[in-house]
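Read the structure below first, then the notes.
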Amino acid sequence: MLANADRFERINVTLGPSAGDAMLRLMADRIHALAGAHAASGTVTARFGSDEFAVLLRLDPTPAAAGKGAPDDAGPTACDALARRLVESLGAPYRVAGTGVHASASVGVVGIDASHRHAVAVMQDAGLAMREAKRLGGARHSVFTPALRTQAWQRGSLEADLRRALDEAQLFVVYQPIVSLADGAIEGMEALVRWRHPQRGVVPPDQFIGIAEETGLIQMLGEWVLRQACDQLVRWQRTLGPRAPRSMSVNLSRAQVLEPSIVGTVARALAASGLAAGALQLEVTESLAAQDAVVQQRLEELKALGLTLALDDFGTGYSSLASLHLLPVDVVKIDRSFVGQSAAGTHHRVLVEAVSMVARSLGLTIVAEGVETHAQAQLLAALDCHKAQGYFYARPMTDGDATAWLAAR
Ligand code: C2E
Ligand code: CA
Ligand code: CA
């Protein structure tokens with residue numbers, strides 16, 4: 001098992017390196033305490049890197065399993081239980097230098113078998129499983145499977161391709177209208193990035209934003225999208241006059257908001273394009289916005305530029321109507337998974353209605369995402385949503401198609 005503390009840099013940065021050292025000692029103690037319980041079967045623990053610990057243990061088959069003639073089954077189950085306890089133990093609150101600290105760790109588990117000819121191969125597989133646990137959000141364990149090797153390889157090749165994509169202009173931006181539910185007026189456009197891969201064809205953002213985040217390429221990619229989007233709205237304002245959309249929405253991912261330079265990047269994109277700040281809307285997801293003081297501060301700084309902030313995908317993740325008033329947002333976008341089912345079932349309709357009521361009481365604008373039918377649009381209007389976006393109105397369009405679509409209205 002390979003245990004790695006989640007976002008340990010933050011602890012070093014916020015509490016100082018000596019508190020970081022103290023945290024690591026406490027983590028080591030907890031690992032010892034747990035692994036010690038298995039000392040009889042020969043357990044080895046080690047600190048492998050800065051915030052990385054390894055536990056090597058031999059799990060003897062339980063008598064029951066051995067009796068059934070299936071000694072191999074005992075290992076995985078016991079190992080799973082131990083990994084779970086390890087994650088739980090490392091995730092319990094810490095006390096460092098008189099203050100309580102919350103931290104967690106991700107654990108990768110690998111069963112050593114004949115395919116592991118060297119210790120290095122074992123560590124590699126444990127590392128893949130550990131990183132998978134982090135990718136799934138951290139504070140959990142993942143068990144190695146050979147598929148993780150293939151995925152890592154594919155990600156590696158996509159990563160190299162993505163670096164080239166930026167240089168070779170394979171990325172492009174499509175635009176999807178956001179309309180007023182009251183009168184169908186075009187309120188804005190959302191910029192969505194696409195990648196025209198030379199072999200794979202058009203790759204959707206879900207398949208490469210994560211890679212861009214992991215590799216740091218998101219900063220360049222994000223800035224590029226932002227510039228395209230701002231320039232495009234200015235072009236529409238010039239050529240379409242009053243028929244131009246009122247605002248442009250651009251998505252920001254977690255890694256972008258955590259980077260302190262984002263405020264300067266946005267300010268420069270506005271200045272370079274000549275777009276008024278009030279015409280730019282940045283969209284962040286709820287789990288990010290609710291996260292911590294650093295993020296909230298960053299969002300306030302962005303808002304101070306004069307732009308608006310939207311809470312994207314509301315209803316997924318850590319949704320909390322109760323904490324909506326704590327976030328510095330102007331707009332709430334109700335996730336399409338709720339919108340899509342709102343016309344079909346009471347449960348989702350009531351949820352949309354509740355979100356709409358709370359958001360309204362806070363003076364927020366409500367946008368329903370993923371509207372695909374007339375019935376959904378009618379229902380959302382009846383539930384007091386302000387705006388809508390979805391295939392019912394228009395699919396995301398290339399700049400040329402979007403220009404024609406706007407001009408035809
Ligand atoms: P999102 O911000 O929630 O964007 C809306 C997604 O819903 C888009 O998917 C859009 O094509 C899709 N959609 C719109 N209307 C409908 C509908 O009626 N039915 C259905 N089934 N889907 C609809 P897309 O373009 O694949 O983008 C996926 C996600 O990728 C976005 O979700 C956003 O989180 C992220 N993303 C896209 N562009 C960027 C970008 O430039 N930067 C960052 N950081 N993230 C981006
Ligand atoms: Ca969005
Ligand atoms: Ca969304």
Side-chain angles (χ1 to χ4, degrees), residues 162 165-166 170-179 187-196 201-232 247-259 262 265-266 269 280-289 302 308-317 319 329-343 355 365-377 380 385 387-399 401-402:
L162 188 57
L166 279 160
Q170 292 167 9
L171 298 179
F172 62 104
V173 178
V174 290
Y175 300 90
Q176 186 177 36
I178 300 167
V179 306
E187 297 283 344
M189 284 277 187
E190 177 170 5
L192 298 159
V193 69
R194 296 285 181 272
W195 176 10
R196 195 175 287 110
V202 175
V203 185
D206 295 335
Q207 286 178 31
F208 64 89
I209 293 289
I211 298 171
E213 287 206 89
E214 282 166 32
T215 55
L217 286 169
I218 190 74
Q219 310 301 346
M220 266 196 311
L221 188 156
E223 178 165 4
W224 183 81
V225 172
L226 192 64
R227 295 228 165 196
Q228 296 294 310
C230 290
D231 289 349
Q232 183 60 62
S247 71
M248 179 62 77
S249 295
V250 178
N251 294 285
L252 287 191
S253 64
R254 190 189 139 72
Q256 286 174 275
V257 179
L258 291 177
E259 191 66 44
I262 184 70
T265 302
V266 173
L280 180 63
Q281 174 162 303
L282 297 176
E283 303 196 352
V284 295
T285 57
E286 186 187 17
S287 49
L288 169 63
L302 284 169
T308 55
L309 288 181
L311 201 53
D312 212 344
D313 305 340
F314 191 84
T316 60
S319 302
V329 297
D330 313 277
V331 175
V332 174
K333 296 186 83 171
I334 304 182
D335 191 69
R336 65 168 183 265
S337 54
F338 293 91
V339 172
Q341 295 177 64
S342 60
V355 174
T365 300
I366 306 141
V367 180
E369 295 187 310
V371 176
E372 294 185 350
T373 65
H374 182 60
Q376 286 168 358
L380 291 160
C385 290
K387 304 177 187 176
Q389 183 180 357
Y391 296 168
F392 175 62
Y393 306 99
R395 294 202 170 234
M397 300 171 277
T398 59
D399 50 358
D401 288 350

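As a basis for the values below, the full set of heavy atoms in this structure was taken, side chains included, without hydrogen atoms, waters or symmetry mates. Every number for a ligand or one of its atoms is a count from 1 in the order of the listing.
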Please state which protein non-hydrogen atom is closest to [atom] and give its distance, to 0.1 Å?
| atom | answer |
| --- | --- |
| atom 28 (C) of ligand 1 | Asp206 OD1, 3.4 Å |
| atom 1 (P) of ligand 1 | Asp312 OD2, 4.0 Å |
| atom 40 (C) of ligand 1 | Val193 CG1, 3.7 Å |
| atom 12 (C) of ligand 1 | Arg336 NH1, 3.5 Å |
| atom 4 (O) of ligand 1 | Leu192 CD2, 3.6 Å |
| atom 11 (O) of ligand 1 | Pro396 CG, 3.4 Å |
| atom 20 (C) of ligand 1 | Glu372 OE2, 3.3 Å |
| atom 34 (O) of ligand 1 | Asn251 OD1, 4.4 Å |

- Task: Give a yes or no on whether Asn251 keeps an N, O or S atom under 3.0 Å from the Ca ion (ligand 2).
- Result: yes

Taking only heavy atoms of [X] into account, list the atoms of ligand 1 that are under 4.0 Å away from them.
| X | answer |
| --- | --- |
| Glu190 | 2 (O), 4 (O) |
| Pro205 | 24 (P), 25 (O), 26 (O), 27 (O), 28 (C), 30 (O), 36 (N), 37 (C) |
| Glu369 | 3 (O) |
| Gln176 | 14 (C), 15 (N) |
| Arg194 | 11 (O), 24 (P), 25 (O) |
| Asp313 | 3 (O) |
| Val225 | 41 (O) |
| Gln256 | 44 (N) |

- Query: Is there a donor-acceptor contact under 3.5 Å linking the side chains of Thr308 and Gln281?
  - Reply: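 Result is yes, a qualifying pair exists.
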
Does any part of the side chain of [Y], heavy atoms only, come nearer than 4.5 Å to the side chain of [X], both counted from C-beta?
| X | Y | value |
| --- | --- | --- |
| Ile334 | Ile366 | yes |
| Met397 | Val174 | no |
| Pro396 | Tyr391 | yes |
| Val173 | Arg194 | no |
| Leu380 | Val371 | yes |
| Val266 | Leu280 | yes |
| Met248 | Cys230 | no |

Nearest to the Ca ion (ligand 3) - the N/O/S atom of [X], by atom name:
| X | result |
| --- | --- |
| Asp313 | OD1 |
| Glu369 | OE2 |
| Asp312 | OD1 |

So does [Y] get a backbone contact from the side chain of [X], meaning a donor-acceptor N/O pair under 3.5 Å?
| X | Y | result |
| --- | --- | --- |
| Gln176 | Arg395 | no |
| Glu223 | Gln219 | no |
| Asp330 | Leu309 | yes |

- Within the structure, does at least one protein heavy atom fall under 4.0 Å of atom 7 (O) of ligand 1? yes

- Heteroatom of Glu283 nearest to the Ca ion (ligand 2) (N, O or S, atom name): OE1

- Can you name the N/O/S atom of Glu190 that is nearest the Ca ion (ligand 2)?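 Of the nitrogen, oxygen and sulfur atoms in Glu190, the Ca ion (ligand 2) lies nearest to OE2.
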
- Gap separating the CD1 atom of Ile262 from the CG atom of Leu252, nearest 0.5 angstrom: 5.0 Å

- Message: As a quick check of understanding, evaluate side-chain hydrogen bond (donor to acceptor under 3.5 Å, both in side chains) for Gln256 and Asn251, giving each step before the final call.
- Response: CA-CA 10 Å; Gln256 286 174 275; Asn251 294 285; over 6 Å; no

- Query: Considering only heavy atoms, which of Tyr391, Tyr393, Phe392 lies nearest to atom 16 (C) of ligand 1?
  - Reply: Tyr391

- Query: Does ligand 1 have any atom that is closer than 4.0 Å to a heavy atom of Gly222?
  - Reply: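 Distance cut 4.0 Å: Gly222 fails for ligand 1.
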
- Query: Should Glu283 and Lys333 be marked as a salt bridge (Lys or Arg N to Asp or Glu O under 4.0 Å) after you check the CA-CA gap, both sets of side-chain angles, and the distance that decides it?
  - Reply: CA-CA 9 Å; Glu283 303 196 352; Lys333 296 186 83 171; 2.8 Å; yes

- Message: Against Trp195, only a single residue in Leu171, Leu166, Val202, Leu221 fulfils side chain to side chain contact (heavy atoms under 4.5 Å, CB included); can you say which?
- Response: Leu171

